[in-house]
Amino acid sequence: MLAALSMVLPVAFTVQAAPASASGTGDDILERLKAVPGLTVVSEGRPVPGHRYFILSFTQPADHRKPRGATFQQRLTLLHRAEDAPTVLFTGGYGLPPYPGASRTEPTALTGGNQVSLEHRFFTPSRPEPADWRNLTIWQAATDEHRIVQALNPIYSGKWIQTGASKGGMTSVYHRRFYPRDIDAVVAYVAPNDHVNPADRAYDRFFETVGEPSCRKALEEVQRQALSRRDRMVALLEAEAARKGYTFAKTLGTADRAFEMTVLDTAWAFWQYRTTAACATVPAATATDEELYAWIDAVASFGFYTDQGQEYYTPYYYQAAGQLGWATMSYRHLRGLLRYKNLNQPNSVLPAELRSRHDPWPMLDVDHWVRTRSERMMFIYGENDPWGAERFRPSGRDSALYVAPGANHGANIAGLAEPDRAEATATLLRWAGVPASHLADRVPGLPLDDMLPPARPN
């Protein structure tokens, strides 16, 4: 399963916030930011009640092993509330929007804190030029985050909480592993942990048990029908590609390979993006070619496995091939219908010059550290999210793992059952140094961010 780790299903929740201090919107914060070595204030956004919002850039070494060598500018944003409030470091694991606007993650809203949102290295424009892709490692990215925390620490005296969802959650774990003293605690959402890459039986077990048997069988039949009608379905994809300017030469190579990859993804994408209520929409075996194509396109997007759909995600796939790992499944129900062996792996969607051999040691190291030595780490997973089939298991050192019932890849604290929601919220507030007695606080014009990149393009 290679679909990028993304989901956009925000869930409303009641936020609690610490009151801003008198310095919360003071004029001095701009001058303090300008005085930070290596930090550039690119612009200040429109006012938000009780906050100020800045788009920033920070000078980073392209290779932290050579701090005096080449550099690049890493984009970040700052939602400033108060210098003595908690600060949430949001690592999304991908790029920031081209024109990022002010928003708050769930931990920021619950704690009433500041928020630093960081673009991951090698997602444009935060990419060294020329780009040496060997420097796109979990340690290099964690060191980017370490330097930013160190740079802003003199301004923000409150507790620091790191958060992220999916690949962003993974990123927050890796930072905690390499620099455990930077941050006071981590809240990682729906973060996969593929620590033994070939041992992926957990994903097969997930698809054997998720949801109702009738829904599972219907999804399997959709995949069988699509592959049985391959010639006609690929013709529909080629016609769409001609209309929209899609190409396949840089990554998967042909429309037929892209079609097979999309069909393999269909059940995964269904459970990642949708809930059991959508089982009623799964087309019957009698559906026409056009109906079947349209439904798969709406769920998994035939535009995703094109050169254009994959370009943004190239840094993710490079990391998955080299260090992060990926999900491999048996697809027993599709035997005799597949043409391409080992298609569903990240090197399939990378340009030839970026393909690499997997190094298992970084994930083994991180997994062992999380299980045995980590402290103050919270993991949130969705019961019906395939990315949660292989989870991080935190140590018993003031850490926790929660599963949101019936939730998909958009799982969060608000979606937990009681008393888990109350317990997780109280733990987060304690870690952030915020009294649990603070009243709910909603900020007009400041949306909640689900911390995940947009869903697949159509």
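Bear in mind the structure is a predicted one, so any value in this text is a computation, not a measurement.
Contact annotation: the side chain of Asp194 approaches that of Tyr203 to within less than 4.5 Å [non-hydrogen atoms, C-beta and beyond]. Side chains of Thr137 and Gln323 form a contact here, defined as non-hydrogen atoms less than 4.5 Å apart. The shortest side-chain heavy-atom distance between Val282 and Phe270 falls under the 4.5 Å cut-off. The closest side-chain heavy-atom distance from Ile183 to Leu89 is below 4.5 Å.
Between the side chain of Ser348 and the backbone N or O of Leu343, at least one donor-acceptor pair lies under 3.5 Å. Panel note: side chain Arg75, backbone Leu96; a donor-acceptor pair is recorded below 3.5 Å. Checking side-chain atoms of Trp271 against main-chain N and O of Gly211 turns up no donor-acceptor pair under 3.5 Å.
By the side-chain contact (heavy atoms from CB on, under 4.5 Å) test, Arg65 is found to be paired with Asp63, Asn135, Trp139, Gln140, residues two or more places apart in sequence or in another chain being considered. Every residue meeting the side chain to side chain donor-acceptor pair (under 3.5 Å) condition with Asp307, not counting sequence neighbours, appears here in chain and number order: Thr247, Thr251. For Arg355, the side-chain contact (heavy atoms from CB on, under 4.5 Å) partners at least two apart in sequence or on another chain are Asn347, Leu350, Ala352. Residues satisfying the side-chain contact (heavy atoms from CB on, under 4.5 Å) criterion with Ala70, sequence neighbours excluded, are Ala62. Residues passing the side chain to side chain donor-acceptor pair (under 3.5 Å) test with His120: none are found, sequence neighbours excluded.
Considering Thr91, Val173, Val149 in turn, Thr91 is the only one that fulfils the side chain to side chain contact (heavy atoms under 4.5 Å, CB included) rule with Gln162. The only option from Asp184, Asn114, Asn153 that meets the side-chain hydrogen bond (donor to acceptor under 3.5 Å, both in side chains) definition with Trp160 turns out to be Asn153. Partner of Arg274 under the side chain to side chain contact (heavy atoms under 4.5 Å, CB included) criterion, out of Asn408, Asn384, Val299: Val299 alone.
Remark: the Tyr189 side chain and the Glu106 side chain contain an N/O donor-acceptor pair separated by less than 3.5 Å. With no hydrogens or angles considered, a side-chain donor-acceptor pair links Gln115 and Thr105 at under 3.5 Å. Donor-acceptor pairing under 3.5 Å is lacking for the side chains of Gln223 and Thr266. In this model, a donor atom of one side chain and an acceptor atom of the other lie less than 3.5 Å apart for Tyr179 and Thr143. Of the N and O atoms on the side chains of Gln319 and Lys167, at least one donor lies less than 3.5 Å from an acceptor on the other residue. Using modelled atom types and a 3.5 Å distance limit, the side chains of Glu375 and Ser399 yield no donor-acceptor pair.
Considering all non-hydrogen atoms of both residues, Gln310 and Phe304 come closest at NE2-O, 2.7 Å.
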Using the rule given for side-chain contact (heavy atoms from CB on, under 4.5 Å), can you reason through Asp144 versus His64, listing the C-alpha separation, both sets of side-chain angles and the distance that settles it, and then say yes or no? CA-CA 8 Å; Asp144 291 340; His64 289 287; 2.6 Å; yes
Set out, in order, the CA-CA distance, both residues' side-chain angles and the distance that settles side chain to side chain donor-acceptor pair (under 3.5 Å) for Thr59 and Gln73, then state yes or no. CA-CA 5 Å; Thr59 303; Gln73 292 299 308; 2.7 Å; yes
Begin from the C-alpha positions of Lys159 and Thr111 and carry the test side-chain contact (heavy atoms from CB on, under 4.5 Å) through to its verdict. CA-CA 10 Å; Lys159 299 287 188 180; Thr111 63; over 6 Å; no
Full working for side-chain contact (heavy atoms from CB on, under 4.5 Å) between Tyr156 and Leu78: CA-CA 12 Å; Tyr156 294 106; Leu78 169 65; 3.3 Å; yes
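For Tyr312 and Phe123, the ring centers sit closer than 6.0 Å to each other. No close placement of the Trp387 and Tyr381 rings is indicated, their centers lying 6.0 Å or farther apart.
Remark: Glu212 CD is loosely packed, at most 12 non-hydrogen atoms of other residues, nucleotides or ligands lying under 6.0 Å away. With a 6.0 Å radius and a threshold of 12 heavy atoms from other residues, nucleotides or ligands, Glu311 has its CD atom at or below the threshold. With a 6.0 Å radius and a threshold of 12 heavy atoms from other residues, nucleotides or ligands, Arg373 has its CZ atom at or below the threshold.
Salt bridge annotation for Arg230-Glu260: present, with a cationic side-chain nitrogen under 4.0 angstrom from a carboxylate oxygen. Salt bridge present: Arg224 and Glu221 bring a charged side-chain N and a carboxylate O closer than 4.0 Å. Between Lys66 and Asp132, no side-chain nitrogen of the basic residue sits less than 4.0 Å from a carboxylate oxygen of the acidic one, so the salt-bridge criterion is not met. By the 4.0 Å N-to-carboxylate-O rule, Glu208 lies close enough to Arg201 to be salt-bridged with it.
Listed by first and then second residue, the ring pair (Phe, Tyr, Trp, His ring centres under 6.0 Å) pairs that reach into residues 345-367 are Trp326-His358, sequence neighbours excluded.
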